[in-house]
Participant: 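For reference, the structure I am asking about is given below.
Atoms within each ligand, like the ligands themselves, are counted from 1 in listed order. Numbers here are sequence positions counted from 1.
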Amino acid sequence: MSIHALNRTTFGNPNNAGNLMPVEEAHALLNDWVPNERLRLHMKQVAAVMKAWAIEREGASEQTALKWELAGLLHDADWEKHPDDHCRVIIEELERRNMDPEVIHCIASHDPRYFGVEPQNKMDRMIYVFDELSGFIHASALIRPTRYEGMDVKGILKKLKTPSFAAQVSRDDINDALSRIDTPLEEIIQFIIDHQKNIS
Ligand SMILES: [Fe+2]
Ligand SMILES: [Fe+2]
């Protein structure tokens, strides 16, 4: 087990179910905790993809879509200032703020092989699927002169099979994440491209 294992399986307080913060408050927290613009963009992209998936593919209510969005926005909030305690610090902060326990669990399970927390529901499984792939697709956009313009799934698939490209992105994590859902990789890639290309 990773040294970053959280060694916990329950998060937040069930009495806080449905307790969400306005999206503006999450953005304020990000601005405060994450000076690195590139990292903030990563979280905004994951949030946009999560929210879109909740609405378009899960038929989620506005309240439920906000949960997905907040999990995406906050999942790496402590990464820049607390790399050795990544996840633990933001989880404890959100517990202090009485955040909905499902949002906290989703953040805690965004990398199960690292934090030792298994995804339980669809929201948990999708943040795991989107996290690495979103970053990978953005890295691919940055080396293209036209960025997202004209980007296609085939090009991304090819880069995924090139171990030296964005080598820090774990292909094992991507495969493990995909093995837990029914949607094929090609469809996920297209969904991410469509929903994160205009986020800035
Ligand atoms: Fe992370
Ligand atoms: Fe992330």
Participant: Hey, what do you get for NZ (Lys67) to SG (Cys106), rounding to the nearest 0.5 Å?
Facilitator: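 Between atom NZ of Lys67 and atom SG of Cys106 there are 10.0 Å.
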Participant: Using a distance-only test with no angle check, is there a side-chain donor-acceptor pair under 3.5 angstrom linking His105 and Asn121?
Facilitator: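 His105 vs Asn121: no donor-acceptor pair found between side chains.
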Participant: Under 2.8 Å from the Fe ion (ligand 1), how many protein N/O/S atoms can be counted?
Facilitator: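 The number of such protein atoms is 3.
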Participant: Less than 4.0 angstrom from a charged side-chain N to a carboxylate O is my criterion; do Glu95 and Arg8 meet it?
Facilitator: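 Looking at Glu95 and Arg8, the cut-off is met.
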Participant: Out of the N/O/S atoms in His42, what is the name of the one closest to the Fe ion (ligand 2)?
Facilitator: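 This residue's closest N, O or S atom turns out to be NE2.
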Participant: Are Glu118 and Arg180 close enough for a salt bridge, meaning some N to O gap below 4.0 Å?
Facilitator: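 Arg180 and Glu118: salt-bridged.
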Participant: Does a donor on one side chain and an acceptor on the other come within less than 3.5 Å for Tyr114 and Asp173?
Facilitator: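 Not at all, the side chains of Tyr114 and Asp173 share no donor-acceptor pair under 3.5 Å.
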Participant: Taking side chain as C-beta onward, heavy atoms only, is Thr64 less than 4.5 Å from Glu58?
Facilitator: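 The answer is no, as the side chains (C-beta and beyond) never meet within the 4.5 Å cut-off.
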